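Everything below concerns the one structure shown next.
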There are 2 protein chains.
Amino acid sequence: MDIKTIIRKYREMGVRLTPQRLAIVKSLEGDRSHPSAIDIYNRLKDEYPSLSLTTVYNTLQMLKEMGEVAELNLHPEKSLYDPDVTPHSHVYCIRCERVDDLPYAEPPEALLKKAQDLGYKVKDVATIVYGICKRCGEIRDH
Amino acid sequence: MDIKTIIRKYREMGVRLTPQRLAIVKSLEGDRSHPSAIDIYNRLKDEYPSLSLTTVYNTLQMLKEMGEVAELNLHPEKSLYDPDVTPHSHVYCIRCERVDDLPYAEPPEALLKKAQDLGYKVKDVATIVYGICKRCGEIRDH
DNA sequence: TCCTAAATTGGATTTATTACAAATATAAAG
DNA sequence: CTTTATATTTGTAATAAATCCAATTTAGGA
Ligand SMILES: [Mn+2]
Ligand SMILES: [Mn+2]
Ligand SMILES: [Zn+2]
Ligand SMILES: [Zn+2]
C-alpha cells in the first residue's frame, strides 16, 4: 500500500480524488495495527468532522477491490483491515484482540490437495494462530 | 459429539435435560453441514413451535463450553457450529458459503515458533482454505 | 465560472447476537 | 401424585456491524 500508487490507480480508474479517500488511504499507509472500519473512522473524525462511516466502508471496499487492502476475519464481531497485502499470517490474542503479523509460511500441501480433490478451485489460504499475548499473560499471572 | 455422553455430562453438571436441549443436541449429532444458529433454529421450529432463538444460542454456548461443539469464524457475517471437535480444517466456498471438512494437518512450525517469540501462549491454530466449489465453478462456466 | 456525474452524508434498515424480565417447566421432596 | 424451588425458556428489546438510500455536496472537466 503506497499512496502514490493508489492515487495513480484512482486517476486511471477515473475515480475522484476526494479528501476523505485520501485521508483514509494516508491513515492506512504503513499501519500495522489491523484496524476495524470504526477504528479508522474514529481516528479521522476529528480532522474530518463531516466524515461518515459509510464513506469509510465504501473506501475500504474499493481498496479491497483494487487489491490494496486485505479484509481479515479473525473473529466473528467485525472485519479488520490490513494494508499489507503480501502473503502472511496473523496471531490473534483471544483476551485483548491484539493482532500481530507472522511471516508467510507455505500451507500444508495435503490441505490444498484435498480441497482440489473435493472439486474446489483454491483462491486463498489463511492460517490464524490463536493465543494469549505477553501482556495479557502477565496480567493474569499475579 | 455423542448424545449419550452429552446427556451424562448434563446430569453430572446438574443441568436440566429439557426437550429443547435434547432436540438441539440430536439435530447436531453427526451433522456435517456446519450450520449457523439460525439454521438450527429453522430445522427445529416445526417440531418445537415454541423454540426460541435465544435457547439455540444458549445451548450452543453451553455445548461450546463443554467442548462438544466448535464455533467457526469463516466469514464475518455469522458463526458456524461444528459438532466435530477433533482437529481438522475447512474449505469455504466464497460464492455459496458451502463448507467442507479437510483433514488435520500439522501447521507450519515456523508460525508457532514466531508467535511464541512474540510472547504469545499459543492455544489454537486454524487453517481455512478459500475457494470456489465444484457446483459454483460449473454454474459460472456457461 | 458553470455544470453534471460522482461521491458524501445522515438516517433508516438489515442481520447476527446478547440482555432481560416474565412465564413456564424440570426434577426433587413430600 | 402434588407441591415447590429454581433453572430454563420465551418474547421482546437492545446492541453492534454493515448496508441501503435519497438528498445534498463537490470534484474536476468544459
Ligand atoms: Mn497483517
Ligand atoms: Mn468441520
Ligand atoms: Zn492480549
Ligand atoms: Zn459454492
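Just so it is clear, the structure is predicted and the values come from calculations on it, not from any experiment. Naming convention: chains lettered A, B, ... in sequence-line order (proteins, then strands); numbering from 1 in each chain.
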- Item | Listed partners of B:Arg98 passing side chain to side chain donor-acceptor pair (under 3.5 Å), at least two apart |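 Here the qualifying residues are B:Asp100.
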- Message: Running the 4.5 Å side-chain criterion over Ile, Leu, Val, Met, Phe, Trp and Tyr, what cluster does B:Leu118 land in, apart from itself?
- Response: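 Its cluster mates, by chain and number, are A:Val91, A:Leu102, A:Val129, B:Leu111, B:Leu112, B:Tyr120, B:Val122, B:Val125.
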Taking atom [atom2] of [N] as reference, at what distance in whole Å does atom [atom1] of [X] sit?
X	N	atom1	atom2	answer
A:Met13	D:dG28	CE	C1'	17 Å
B:Leu60	D:dT9	CG	P	12 Å
A:Tyr48	D:dT26	OH	P	14 Å
A:Leu22	C:dT8	CG	C1'	14 Å
B:Tyr41	D:dT9	OH	P	14 Å
A:Lys45	C:dT9	NZ	C1'	15 Å

Could you tell me the separation between the [atom1] atom of [X] and the [atom2] atom of [Y], rounded to the nearest 0.5 Å?
X	Y	atom1	atom2	result
A:Asp31	A:Asp84	CG	CG	11.0 Å
A:Ile40	A:Ile24	CD1	CD1	7.0 Å
B:Cys136	B:Glu97	SG	CD	10.0 Å

- Note on the structure: The contact string for nucleotides 22-30 of chain C, one letter per nucleotide 5' to 3', using protein heavy atoms under 4.0 Å with B, S and - for base, sugar-phosphate only and none, comes out as ---BBS---
- Item | Protein proximity profile, nucleotides 10-18 of chain C - base contact B, sugar-phosphate-only contact S, no contact -, cut-off 4.0 Å on heavy atoms | BB----SBB
- Message: As a quick check of understanding, evaluate ring pair (Phe, Tyr, Trp, His ring centres under 6.0 Å) for B:His34 and B:Tyr81, giving each step before the final call.
- Response: CA-CA 5 Å; B:His34 306 89; B:Tyr81 295 87; over 10 Å; no
Donor-acceptor pairs under 3.5 angstrom involving side-chain atoms of residues 59-67 of chain B: please list them, not counting sequence neighbours.
{"from": "B:Thr59", "atom 1": "OG1", "to": "B:Thr55", "atom 2": "O", "distance (Å)": "2.8"}
{"from": "B:Gln61", "atom 1": "NE2", "to": "B:Glu65", "atom 2": "OE2", "distance (Å)": "2.6"}
{"from": "B:Lys64", "atom 1": "NZ", "to": "B:Glu71", "atom 2": "OE1", "distance (Å)": "2.4"}

- Query: Sequence neighbours excluded, which residues qualify as salt bridge (charged side-chain N to carboxylate O under 4.0 Å, His left out) partners of B:Asp124?
  - Reply: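 Expected list: none.
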